[in-house]
Protein chains: 2
Amino acid sequence: MKDSKQILLDHKVSITNPRILVIEALLENNNPLTVDELQIKLKKKVAKSTLYRVLNDLKKINILNEFTNPENATVVELLLEDDSHHHHLFCSDCGEIIDIQMGDEFEKTLSKEIKRIEKKFNFSIEDHRLELFGKCTDLCKNCS
Amino acid sequence: MKDSKQILLDHKVSITNPRILVIEALLENNNPLTVDELQIKLKKKVAKSTLYRVLNDLKKINILNEFTNPENATVVELLLEDDSHHHHLFCSDCGEIIDIQMGDEFEKTLSKEIKRIEKKFNFSIEDHRLELFGKCTDLCKNCS
DNA sequence: ATAAAAAATGAGAATAATTCTCATTTATTC
DNA sequence: GAATAAATGAGAATTATTCTCATTTTTTAT
């Protein structure tokens with residue numbers, strides 16, 4: 001597992017206990033967590049206001065991805081590798097969120113389409129996000 | 001323009017002024033609106049609590065699509081045609097949200113990928129959403 | 001290693017978005 | 001058109017997030 005102190009050092013921000021705890025809680029999980037799940041994992045070790053501040057700090061140094069689940073709750077995940085481009089799969093039964101990688105053919109076709117859209121709307125497109133919604137049938141630990 | 005009363009009739013819900021006003025405000029726009037933009041368009045003609053209630057009513061009869069913009073504000077749009085599958089393009093300069101259609105090749109490749117993901121994670125995938133983020137360079141009315 | 005300066009924290013107040021409550025009004029049914 | 005059912009408005013309640021400020025921790029410069 002990555003070293004949380006080193007991550008903070010690498011990004012030239014000061015090394016504090018709350019930041020270390022938040023990063024470690026996120027590192028322990030392979031998949032994204034809602035803010036309240038994170039809060040529960042941290043018990044009372046980090047104040048609520050500090051948690052939100054730390055999350056904003058991590059966003060500023062670009063190692064935190066933030067989005068919302070279908071219930072509009074805020075979800076966060078650490079982004080440590082530069083090449084970790086991925087998408088998300090949501091289970092509407094248990095709420096689990098799974099990181100997924102799309103195949104090369106898909107990403108290539110998407111790139112082509114993005115170029116078309118850029119021309120059509122005179123946009124410069126910098127990022128994209130794909131979300132898949134469904135139900136896990138048996139894999140997911142929370143579902144029967 | 002579609003008739004708001006007919007839309008309500010078709011979906012077997014009672015025809016009330018607030019519902020008509022909300023639907024008409026949404027019909028006037030081609031592109032999605034944030035809840036506050038909608039509130040402003042409606043002036044004081046619909047109470048805040050009623051607006052939220054009407055939006056929930058429209059969701060229940062499946063003619064409202066709700067999502068969040070990159071600032072996490074709630075965005076809504078009417079979905080009237082069954083075949084109106086589309087995605088969204090967000091401008092980070094002016095906040096404008098544009099409906100986009102992806103080409104057939106893209107949707108076909110995506111379907112193939114979805115089947116692969118369904119097998120891999122033993123999921124049944126029912127829906128998906130693609131969001132593109134960027135900057136409009138000159139088309140967008142709010143940007144210079 | 002230490003003192004001074006800068007930055008971060010905790011606790012709770014403030015704010016913003018959304019839902020809830022309930023007395024009144026409006027729509028539907030017969 | 002009267003009786004019943006449903007929806008509304010106003011504001012209170014709730015929830016998620018940000019802000020304030022006195023205290024503590026971290027960093028910087030000696």
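A note on names: the letters A, B, ... follow the listed sequences, proteins ahead of strands, and every chain is numbered from 1.
Atom CG in B:L51 sits about 18 Å away from atom P in C:dA16, given to the nearest Å. Atom OH of B:Y52 and atom C1' of C:dT19 are 10 Å apart (whole Å). To the nearest angstrom, P of C:dT18 lies 12 Å from CG of B:L64. The distance from atom CD1 of A:I20 to atom P of C:dA8 is 13 Å, rounded to the nearest whole Å.
Using a 4.0 Å heavy-atom distance criterion, A:R53 is classed as a base contact. Backbone-only engagement by B:N56 is indicated by non-hydrogen atom pairs under 4.0 Å involving sugar-phosphate atoms exclusively.
Using cut-offs of 30° and 60° on the angle between ring planes, the pair B:F133 and B:F90 is parallel.
Between B:L80 and B:K2 the shortest side-chain heavy-atom distance falls below 4.5 Å. With a 4.5 Å cut-off on side-chain heavy atoms, A:V35 and A:L51 count as touching. Within the 4.5 Å cutoff, side-chain heavy atoms of B:P32 are placed close to those of B:D99.
A:E113 and A:R116 are joined by a salt bridge, as a carboxylate oxygen and a charged side-chain nitrogen come within less than 4.0 angstrom of each other.
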Reading nucleotides 25-30 of chain C from the 5' end, what letters show protein touch, with B for base, S for backbone sugar-phosphate only, - for no heavy atom under 4.0 Å? --SS--
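For B:T68 and B:T74, the side-chain atoms include no donor-acceptor pair closer than 3.5 Å.
Nucleotides of DNA chain C nearest to A:V46 and B:K59 differ in position, and the one nearer the 5' end is that of A:V46. With the nearest nucleotide of DNA chain C identified for both B:V35 and A:A47, A:A47 has the one nearer the 5' end. Mapped onto DNA chain D by nearest heavy atom, B:K48 and B:P18 fall at different nucleotides, with B:P18 at the one closer to the 5' end.
For DNA chain D, the span of nucleotides reached by chain A at under 4.0 Å from its heavy atoms goes, 5' to 3', from D:dA16 to D:dT27.
Atom CG of B:L89 is separated from atom NZ of A:K120 by 10.5 Å, given to the nearest 0.5 angstrom.
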Could you walk me through whether B:H128 and B:H87 pass ring pair (Phe, Tyr, Trp, His ring centres under 6.0 Å), step by step? CA-CA 9 Å; B:H128 67 266; B:H87 299 286; 5.4 Å; yes
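Under the 4.5 Å side-chain contact rule for hydrophobic residues, B:I15 and B:L21 share a cluster.
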